[in-house]
Amino acid sequence: MNTQVSLSELTKRFHQVLPQDAVLADKEQLLPYECDALTAYRQIPRVALLPGSAEQVRAAVEVCRELKLPIVARGAGTSLSGGALPHPDGVLLNFARLNKILEIDPQNRTATVEPGVRNLAISEAAKPFGLYYAPDPSSQIACTIGGNIAENSGGVHCLKYGLTVHNVLALKVLTIDGDILELGGKHLESPGYDLLALMNGSEGMLGVVLEATVKLLPRPDGSKVLLAAFNRIQDAGNAVAAIISSGIIPAGLEMMDQFTIEATEQYCSPGYPADAAAILICELDGYEEELADQIKRVSALLEQYQATEVHLAADEQEAETLWKGRKAAFPAMGNLSPDYYCMDGTIPRKHLAEVLEEIYALSEKFGLRVANVFHAGDGNLHPLILYDANQEGELERAEEFGSEILQLCVRKGGAITGEHGVGVEKLDQMCVQFNSVELQTFNGIKSAFDEHGLLNPGKAIPTLHRCAEFGAMHVHQGKLPHANLPRF
């Protein structure tokens, strides 16, 4: 990393290839970029850049390569894992100005967009053609497609329609060497290694996305939303497993616990049952005849697993209200706590109830409240740990609480992330999930694309030295986190 170049020389070099207002170097200009949605970690970059075209991106990257400056690409900054945390000696590359929808192709059912296009804007542009883009993170009103690709984002409808990786058909990617890779296309298959899939979820460590072609789907003929209330979380978890094992794949199947229900009611009044230990929101879509059969079958299963109430939304407006509550669950926590730590882990559905019970036990252990809201259909948990960063030691307790949740997920046969990525948040937990040979393979792939480690360094893939330190710390504490921990 080159720290010898002065700030004035650095800005001068970037002004040679970018407009004057596209180079930000004053502290006041840089403060908005000091963190992403994981606000517990903050760092100001040396310089922030706002290129307005692919050519300007390429020119900026060329300067960074020549000066050996770290590059952190940033979309809307909605990442919850610190994926867009700046490097103190590096450049923040902001894609806010690359926000054009280049093509809506209704015949091929695709959209081609620049990386700074908002997720929701794609569906809005495709709506006149009866089409939409399926991945819908809770932050879809703000988050960008480039960031979605970096983190392999999901959303409430990923159970039926897949994550970002399942909906991206082609990418134009700029390498650190200045080459442009064109991966995939409007066709369904490409020869050679599947580099397109590799780029999804690579967290900006392998290349810079300049353009994406995504799949558009026809809007369903109809959809219905069911809300079910339960007196026991175990019953709600068992109902989820029963619905999926019956062969029905809902468009969305979400769970919220009592604490989350209360917070959401206070925040936006969606009308959830106040006395329920847990609720399920189940969206079914398809043709009218298909919907009628699925509603009947799902309602019967919910009642079989002790639902105290099963309510079918009367119309589209009521359905939107039920979903509004679910998507407002995260901001609702702002009314209850100065800070919260949003976790992201995945487990097999059959373990939902027992894992939730263990999370509540951990809440008692660490003395911190936890709200559980998650994509129940695919076992993707999002425990929200409430803390106050102004209280000494609370952030550290929240981090340790979160670490134990992720290690629990791995022990149950799951993974440390479902859709938020690793970023800086889960680096140590990567040491729990993967052994040293696997981590060396990941680092080898990184080196093949970025030999000098300039693209988003320090994210997603831990060094073997870091894992050795993490393992030694836990062994010293008498609690080896997982048998798969690297041994050196």
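Residue numbers start at 1 and run along the sequence shown.
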- Item | Worked check of side chain to side chain contact (heavy atoms under 4.5 Å, CB included) between Trp323 and Val156 | CA-CA 9 Å; Trp323 276 124; Val156 298; 3.9 Å; yes

- Got Val168 and Ile149 here, is their nearest side-chain heavy-atom distance under 4.5 Å? yes

Across all chains, not counting sequence neighbours, the ring pair (Phe, Tyr, Trp, His ring centres under 6.0 Å) partners of Phe366 are Phe401

For Arg42, the side-chain hydrogen bond (donor to acceptor under 3.5 Å, both in side chains) test, sequence neighbours excluded, returns Glu34

Side-chain donor/acceptor pairs under 3.5 Å, residues 209-216, sequence neighbours excluded:
from, atom 1, to, atom 2, distance (Å)
Thr213, OG1, Thr112, OG1, 3.0
Lys215, NZ, His166, O, 3.1

- Message: In the structure I gave you, are the side-chain heavy atoms of Phe330 and His382 within less than 4.5 Å of one another anywhere?
- Response: yes

Residue set satisfying salt bridge (Lys or Arg N to Asp or Glu O under 4.0 Å) with Asp293, at least two apart, ordered chain then number -> Arg297

* To do: List the steps, then state whether side chain to side chain contact (heavy atoms under 4.5 Å, CB included) holds for Gln429 with Val422.
  => CA-CA 9 Å; Gln429 288 69 47; Val422 175; over 6 Å; no

Requested in this report: Using modelled atom types only, decide if a donor and an acceptor are shared between the side chain of Thr39 and the backbone of Cys35 within a distance under 3.5 Å.
Outcome: no

Intermediate values then yes/no, side chain to side chain contact (heavy atoms under 4.5 Å, CB included), Glu438 and Asn435 | CA-CA 5 Å; Glu438 292 163 335; Asn435 63 37; 3.3 Å; yes

_Is it the case that the side chain of Glu419 and the backbone of Gly154 share a donor-acceptor pair, with hydrogens and angles ignored and the cut-off at 3.5 Å?_
yes

Residue set satisfying ring pair (Phe, Tyr, Trp, His ring centres under 6.0 Å) with Tyr41, at least two apart, ordered chain then number -> none

By ring pair (Phe, Tyr, Trp, His ring centres under 6.0 Å), His311 pairs with (sequence neighbours left out) none

Salt bridge (Lys or Arg N to Asp or Glu O under 4.0 Å) pairs touching residues 232-243, sequence neighbours excluded, are Arg232-Asp235

query: Would a distance-only check, ignoring hydrogens and angles, find a side-chain to backbone donor-acceptor pair under 3.5 Å from Asp194 to Ala197?
result: yes

Query raised in the report: Within the distance-only criterion (no hydrogens, no angle test), does the side chain of Ser337 pair as donor or acceptor with the backbone N or O of Tyr387 below 3.5 angstrom?
Result: yes

Do you see a donor-acceptor pair shorter than 3.5 Å between the side chains of Gln407 and Ser403? yes

Here the pair of heavy atoms bringing Val310 nearest to Ala307 is CG2-CB, 3.9 Å

### Query
Quick one: do Glu114 and Arg97 make a salt bridge, cutoff under 4.0 Å?
no

Check your understanding: Is there side-chain contact between Gln56 and Leu98, with heavy atoms separated by less than 4.5 Å?
Key -> no

So CG of Leu381 and CE of Met343: to nearest 0.5 Å the spacing works out to 10.0 Å

How about Ile141: does its CD1 atom have over 12 heavy atoms from other parts shown lying under 6.0 Å from it? no

Interatomic distance, CG@Leu356 vs CD1@Ile359, rounded to 0.5 Å, equals 5.5 Å

Under 3.5 Å, is there a donor-acceptor pair linking the side chains of Glu283 and His157?
yes

Just wondering, do Val355 and Ile405 contact through their side chains at under 4.5 Å, heavy atoms?
no

CG (Leu253) and CD1 (Ile244) are apart, to the nearest 0.5 Å, by 5.5 Å

Open item on the list: Between Leu336 and Phe259, does the side chain to side chain contact (heavy atoms under 4.5 Å, CB included) criterion hold? Intermediate values first, please.
Closed with: CA-CA 10 Å; Leu336 304 180; Phe259 188 24; 3.6 Å; yes

The complete set of salt bridge (Lys or Arg N to Asp or Glu O under 4.0 Å) pairs with one or both residues in residues 345-359, sequence neighbours excluded, reads Glu354-Lys412, Glu358-Lys412

Check: Does the side chain of Ile281 reach to within under 4.5 Å of the side chain of Tyr272, using non-hydrogen atoms?
Finding: yes

All heavy atoms of Ala236 vs all of Leu280, minimum pair found to be O-CD1, 3.8 Å

So salt bridge (Lys or Arg N to Asp or Glu O under 4.0 Å) across residues 146-161, not counting sequence neighbours, yields Lys160-Asp285

Minimal heavy-atom distance between Gly184 and Ala170, with the atoms involved, is C-CB, 3.8 Å

Item checked: Side-chain heavy-atom pair Phe230, Gln258 within 4.5 angstrom cut-off -> no

Inset, instruction - Answer yes if the side chains of Asp257 and Thr260 hold a donor-acceptor pair under 3.5 Å, and no otherwise. - result: yes

Here the salt bridge (Lys or Arg N to Asp or Glu O under 4.0 Å) pairs for residues 323-339, sequence neighbours left out, are Asp136-Lys327, Glu254-Arg326

Please check: side-chain N/O of Asn119 versus main-chain N/O of Thr144, any donor-acceptor pairing under 3.5 Å?
no

Hits for side-chain hydrogen bond (donor to acceptor under 3.5 Å, both in side chains) against Tyr33, two or more places apart or cross-chain, chain-then-number order -> Asn94

For residues 221-228, which side-chain N or O atoms pair as donor and acceptor with protein atoms under 3.5 Å away, sequence neighbours left out?
none

Check: Hey, is the main chain of Ala329 close enough, under 3.5 Å, to the side chain of Thr264 for a donor-acceptor pair?
Finding: no

Distance col, row Asp428:CG vs Glu399:CD, nearest 0.5 angstrom, shows 9.5 Å

N/O donor-acceptor pair under 3.5 Å between Arg118 side chain and Ala142 backbone: no

Rounded to the nearest 0.5 angstrom, the CG-OG1 distance for Leu131 and Thr110 is 9.5 Å

dist Leu174:CG -> Leu93:CG (nearest 0.5 Å) comes out at 9.0 Å

Strictly distance-based, threshold 3.5 Å: is any side-chain N or O of Asn152 a donor or acceptor partner for the main-chain N or O of Gly418?
no

For a quick check under 3.5 Å, do Thr417 and Asp344 share a side-chain donor-acceptor pair by atom type? yes

In the structure I gave you, are the side-chain heavy atoms of Leu352 and Ile347 within less than 4.5 Å of one another anywhere? yes

Check your understanding: Does Tyr132 reach the side chain of Lys127, with side-chain heavy atoms less than 4.5 Å apart?
Key -> no

Practice task
Could you tell me whether Arg74 and Asp36 make a salt bridge, using a distance below 4.0 angstrom between a side-chain N and a carboxylate O?
Solution key: no

Checking salt bridge (Lys or Arg N to Asp or Glu O under 4.0 Å) for the pair Lys186/Glu103: CA distance, chi angles, key distance, verdict?
-> CA-CA 12 Å; Lys186 293 183 180 181; Glu103 179 190 49; 2.9 Å; yes

| message | Quick check against the 3.5 Å criterion: does Glu394 have a side-chain atom that pairs as donor or acceptor with the backbone of Asp388? | response | yes

Practice prompt. Measure from the side-chain N and O atoms of Thr175 to the backbone N and O of Gly207, and report whether any donor-acceptor pair falls under 3.5 Å.
Written response: no

Check: Is it true that the side chains of Asn443 and Lys446 contain a donor and an acceptor less than 3.5 Å apart?
Finding: no

*asked:* Tell me if the CD atom of Glu316 is crowded by more than 12 foreign heavy atoms within 6.0 Å.
replied: no

